[in-house]
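See below for the structure under consideration.
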Amino acid sequence: MRARERIKQTLLELLKESSADQLAVKTLCIEAKISKQTLYNNFYGIPDAIGEAICDIIDEKAGKYLAQSNWMTGMEKVLILFEENRDIVMHLWNSKWRNEAFEAISSHAYKIIARDIHECEVESGIRVPRQDEAIMAGMYLDIFMGLLRRYMEQKMTQDPKQLVRIYGAVLDKDTTSGLKRISEMYK
């Protein structure tokens, strides 16, 4: 296993047991069997590695659903994924690195959403200006991150499906419908 993967896997294992605040570079290096230089050759630091490890989990389990025509499925999958990794996520949420980790998730989710909006545009033959695609992606991201923060603030006690249904009721149009409506504005 490559050092980068070993670092991320070790971090997730350590986060199952204790808060991210208790993670020390020395402990991580010993547990991952790497040098401090190897850690910094691969990541800017522990928050960067944690963010990437969480994004890898999202990609593996839920990334393909995040911004498909039915974006609610992606949001639900991510919440369920967080629930399945509750110890890790709660240790991270309650740590000093919360903002850095959630910024990494936000940045990663934006890339997935923007890519999938563009793919939907190509598949449906709808063309809209790039700045409008970016606005649409940003709105979906704001909704997704707001939902994720609410879920975390409530200590993951709400039913993910119910929470997503509430958000979905507010935004009952899918990606293709949104693209069509935007393109009609330019006719």
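If you read the sequence from its start, that first residue is 1, and numbering goes on from there.
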Quick check: closest heavy atoms across [X] and [Y], and the distance to 0.1 Å?
X	Y	value
R149	F102	NH2-CB, 3.7 Å
N42	A3	ND2-CB, 4.2 Å
A24	I46	C-CD1, 3.9 Å
N94	D21	O-OD2, 3.9 Å
A49	K8	O-CG, 4.0 Å
C55	H108	SG-CB, 3.4 Å

May I ask whether [X] and [Y] are part of the same hydrophobic cluster, defined by side-chain heavy atoms of I, L, V, M, F, W, Y residues being less than 4.5 angstrom apart, directly or through others?
X	Y	result
M156	M145	yes
I34	F43	yes
L81	F144	yes
I30	Y40	no
L14	V25	yes

Just verifying a value: how many Å separate [X] [atom1] and [Y] [atom2], rounded to the nearest 0.5 Å?
X	Y	atom1	atom2	answer
I7	I50	CD1	CD1	12.0 Å
D132	I117	CG	CD1	11.0 Å
R150	L79	CZ	CG	11.0 Å
L147	D142	CG	CG	12.5 Å
L12	I88	CG	CD1	4.5 Å
E5	T10	CD	OG1	11.0 Å

**OP:** Check step by step if side-chain contact (heavy atoms from CB on, under 4.5 Å) holds for K36 and K26.
**Re:** CA-CA 7 Å; K36 187 175 177 181; K26 183 177 181 177; over 6 Å; no
Original post:
Got more than 12 heavy atoms from elsewhere within 6.0 Å of OH, Y44?
Top reply: no
Original post:
Using a distance-only test with no angle check, is there a side-chain donor-acceptor pair under 3.5 angstrom linking R165 and Q162?
Top reply: yes
**OP:** Establish, from distance only, whether the side-chain atoms of N99 and E103 form a donor-acceptor pair under 3.5 Å.
**Re:** no
Between [Y] and [X], is there a salt bridge with N-O shorter than 4.0 Å?
X	Y	result
K16	E13	yes
R86	E83	no
R115	E119	yes

Are [X] and [Y] close enough that some pair of their side-chain heavy atoms sits under 4.5 Å apart?
X	Y	result
I54	L92	yes
Y151	T157	no
E17	Q22	no

Original post:
Short question: side chain of H91, backbone of L15 - any donor-acceptor pair under 3.5 Å?
Top reply: yes
**OP:** Please test I58 against F82 for side-chain contact (heavy atoms from CB on, under 4.5 Å), starting from the C-alpha separation and ending with a verdict.
**Re:** CA-CA 9 Å; I58 291 171; F82 273 41; 4.2 Å; yes
**OP:** Check the pair R127, V122 against side-chain contact (heavy atoms from CB on, under 4.5 Å), reporting the backbone distance first and the verdict last.
**Re:** CA-CA 8 Å; R127 296 281 182 243; V122 169; 3.9 Å; yes
Subject >> S183: side-chain contact (heavy atoms from CB on, under 4.5 Å) partners, not counting sequence neighbours >> reply: I126, V128
